[in-house]
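Below is one structure, written out as structure tokens, with a few remarks after it.
Remember, predicted model here, so these are calculated numbers, not experimental data.
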Amino acid sequence: MESLSKLDQKLIELGILTKEEVRAADEKKRTTGEPLEQILLETKAAEAPQQQAAAVSQADKQAVLAAKAKEYRIEAVDLTARPVEKDLVEIIPQDMAKRYRVVCIGKKDNKITLAMSDPTDVFAMDDVKFRLGYDVVPVYAVQSDIEAVQKQIYGEVETWKEMFADAEELDSVSVVKDEEKADEAVVDAPVIRLVNSIISEAIEKRASDIHIECFEKDLLVRYRIDGVLHEIMSPPKPLLPAMISRMKIMANLKIDEKRVPQDGRIKMSVKEREIDLRVSTVPTLFGESVVMRILDRANLKVELTQLGFSPRDQEKLKRLVEKPHGIFLVTGPTGSGKSTSLYATLNALNKPDVKILTVEDPVEYYLRGIVQVQTNHRVGLDFARALRAFLRQDPDIIMVGEIRDKETGTIAVESALTGHFVLSTLHTNDTIGRATCVGILAQRLVRRICKECKEEVKEVPDNLLKIFQENNIPTDKLSLAHGRGCPVCNETGYKGRVGIYELLEITEQLRAMILKQESPADMWELAKKQGTLTLYEDGLEKVAQGATTYEELFRVTSGE
């Protein structure tokens with residue numbers, strides 16, 4: 001019995017298995033890679049009469065648990081004999097849990113208890129500690145029990161392993177080599193299924209972006225949902241070239257060009273919904289990285305009244321954008337909803353007797369009744385050149401995707417001075433067109449509390465009450481809430497987003513101060529007197545109304 005493991009010896013001593021059965025299981029382990037105890041339990045249950053199988057399986061499981069506890073000198077747990085706490089299990093991201101075959105069953109301070117099918121896997125424990133920040137206390141659990149808990153909590157999400165179940169080998173995926181200069185890749189069906197699944201699941205989860213990222217040892221797929229990135233899966237790294245080739249083919253990009261960034265577009269129909277994907281590839285140290293921006297045309301059908309403006313700001317915004325000429329600017333970082341605000345404004349202004357022209361980079365959504373132009377830097381069609389051409393097209397309203405340089409800004413001002421109304425975005429807070437700017441809208445997006453699991457906050461902390469009082473928000477009418485977490489919101493407590501706004505109307509008094517180049521502090525003091533709220537103050541009102549939480553507002557604005 002010298003060549004047998006401690007577990008083998010213990011199972012033979014207990015009379016559960018014979019030497020022949022152990023050796024047969026060892027041989028299967030070498031070919032399948034499954035844990036030995038998993039093979040043994042499945043074999044014993046299969047051999048028992050149907051009416052006795054459950055009893056045999058449970059008895060053998062207890063013997064395996066006892067043997068494993070002695071072998072590893074750690075606790076062994078029966079996951080079927082204890083309640084599963086969803087909040088604990090979901091501390092570990094789904095793909096990480098499935099990759100390492102682990103389930104979190106306890107947490108105290110900065111330590112978590114991890115039920116593992118292989119409690120000697122130091123790489124798994126190190127990865128959890130490095131990426132999640134928890135110290136790990138390992139315990140042993142049978143793999144089938146771990147998988148049952150994962151299925152119960154995470155649901156029936158098809159993993160890359162399941163997608164390739166019908167493929168003979170991962171090596172069956174092949175890509176035409178660079179030197180062949182082909183315009184198509186030979187990509188097997190499993191890779192096509194994997195890429196299609198990544199895209200369709202992202203749309204199902206309401207993701208705005210898909211990130212395919214390659215590192216030294218890992219390939220990660222992440223979704224940005226409601227502004228926050230979530231790790232979804234980690235396919236085998238050898239699949240990267242085939243996955244990238246598949247996405248390039250879909251986006252009409254050069255699959256043999258891997259040295260420079262490329263941009264493309266994919267048009268799809270998913271469940272009768274028209275979806276556009278904006279595809280960007282960049283070469284990185286360990287392979288190409290791809291980001292796909294999901295543009296759902298259904299999201300375009302939004303009214304200004306649905307964006308989260310207060311009644312006060314709605315009235316002010318309507319007054320500003322209905323002026324016959326001038327410039328209206330929307331500012332904010334990437335992903336803050338500037339395009340949505342501009343498109344909603346254009347929808348409101350789009351009438352049969354109004355000529356609207358837009359120049360965008362790229363055109364994100366197609367609007368009926370509006371003439372849209374996409375920049376093309378290869379032929380010299382930039383924002384400035386398009387704007388100059390627009391002035392000969394007899395427009396009433398012009399929308400410029402972004403004012404990036406002095407020339408574009410100058411032409412925009414000239415357009416406003418000659419009787420046109422110009423809408424545009426800025427990534428900075430600089431004020432241009434002092435004599436023509438009628439208003440500036442700064443905005444951010446905060447996650448909205450999930451309606452399905454929304455709960456009232458009954459006891460408001462004293463420090464939060466003080467914040468509301470300092471910002472002149474009545475504390476006797478607070479409707480604070482939070483999301484408990486449910487399957488609808490992927491247990492985050494949030495679903496969807498709402499805007500917070502800082503709408504500055506350039507009045508005659510304020511314009512005079514700008515022309516005199518007075519200090520920003522003095523100008524802001526005047527704007528406050530005229531009723532302008534900061535992003536933070538507008539967000540506080542939405543917290544008080546139960547639309548979002550203070551934690552979410554602070555995450556986006558840092559309390560400023």
Practice problem: Would you please name every residue forming a ring-ring contact (aromatic ring centres under 6.0 Å, His included) with Phe383, sequence neighbours left out? | Solution: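 ring-ring contact (aromatic ring centres under 6.0 Å, His included) list for Phe383, sorted by chain: empty.
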Practice problem: With sequence neighbours left out, write down each residue that passes ring-ring contact (aromatic ring centres under 6.0 Å, His included) with Phe309, or none if nothing qualifies. | Solution: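 Scan of Phe309 (ring-ring contact (aromatic ring centres under 6.0 Å, His included), adjacent residues dropped) gives Tyr501.
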Practice problem: Taking Ser234 for its side chain and Asp218 for its backbone only, find out whether a donor-acceptor pair lies under 3.5 Å. | Solution: no
Quiz item: Is there a donor-acceptor pair under 3.5 Å between the side chain of His325 and the backbone N or O of Phe421?
Solution: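 Not confirmed, His325 side chain does not pair with Phe421 backbone.
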Quiz item: Will you find, in the side chains of Gln314 and Thr305, an N or O donor that is under 3.5 Å from an N or O acceptor?
Solution: no
Quiz prompt | Side-chain H-bond candidate by donor/acceptor type, Glu360 with Thr358, under 3.5 Å | solution =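 Per modelled atom types, Glu360 and Thr358 side chains form a pair under 3.5 Å.
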Quiz item: Is there a side-chain contact (heavy atoms from CB on, under 4.5 Å) between Leu381 and Val373 once you walk through the steps?
Solution: CA-CA 10 Å; Leu381 181 58; Val373 174; 4.0 Å; yes
Exercise. Run the numbers on Glu502 and Thr532 for side chain to side chain donor-acceptor pair (under 3.5 Å), then give the verdict.
Key: CA-CA 7 Å; Glu502 183 178 301; Thr532 301; over 6 Å; no
Practice problem: Could you tell me which residues satisfy side-chain contact (heavy atoms from CB on, under 4.5 Å) with Asn196, sequence neighbours excluded, listed by chain and number? | Solution: Ile192, Arg246, Met250
Residues [X] and [Y] bridged, charged N to O under 4.0 Å:
X      : Y      : value
Arg388 : Glu407 : yes
Glu505 : Arg511 : no
Lys495 : Asp226 : no
Lys466 : Asp462 : no

Show me, pair by pair, the donor-acceptor contacts under 3.5 angstrom made by side chains of residues 102-111, not counting sequence neighbours?
from	atom 1	to	atom 2	distance (Å)
Lys107	NZ	Asp109	O	3.2
Asn110	ND2	Gly133	O	3.1

Quiz item: Can you name the side-chain hydrogen bond (donor to acceptor under 3.5 Å, both in side chains) partners of Arg497, sequence neighbours left out?
Solution: none
Practice problem: Taking side-chain hydrogen bond (donor to acceptor under 3.5 Å, both in side chains) as the test, write out the residues that go with Arg293, two or more places apart. | Solution: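 side-chain hydrogen bond (donor to acceptor under 3.5 Å, both in side chains) check on Arg293 returns Asp209.
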Practice problem: Would you indicate whether Arg385, at its atom CZ, is surrounded by more than 12 heavy atoms from other residues, nucleotides or ligands within a distance under 6.0 Å? | Solution: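 For Arg385, atom CZ is not crowded (no more than 12 foreign heavy atoms under 6.0 Å).
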Quiz prompt | Atom pair CD (Glu456) and CG (Leu478), whose distance is rounded to the nearest 0.5 Å | solution =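 Going from CD on Glu456 over to CG on Leu478, the span is 10.5 Å.
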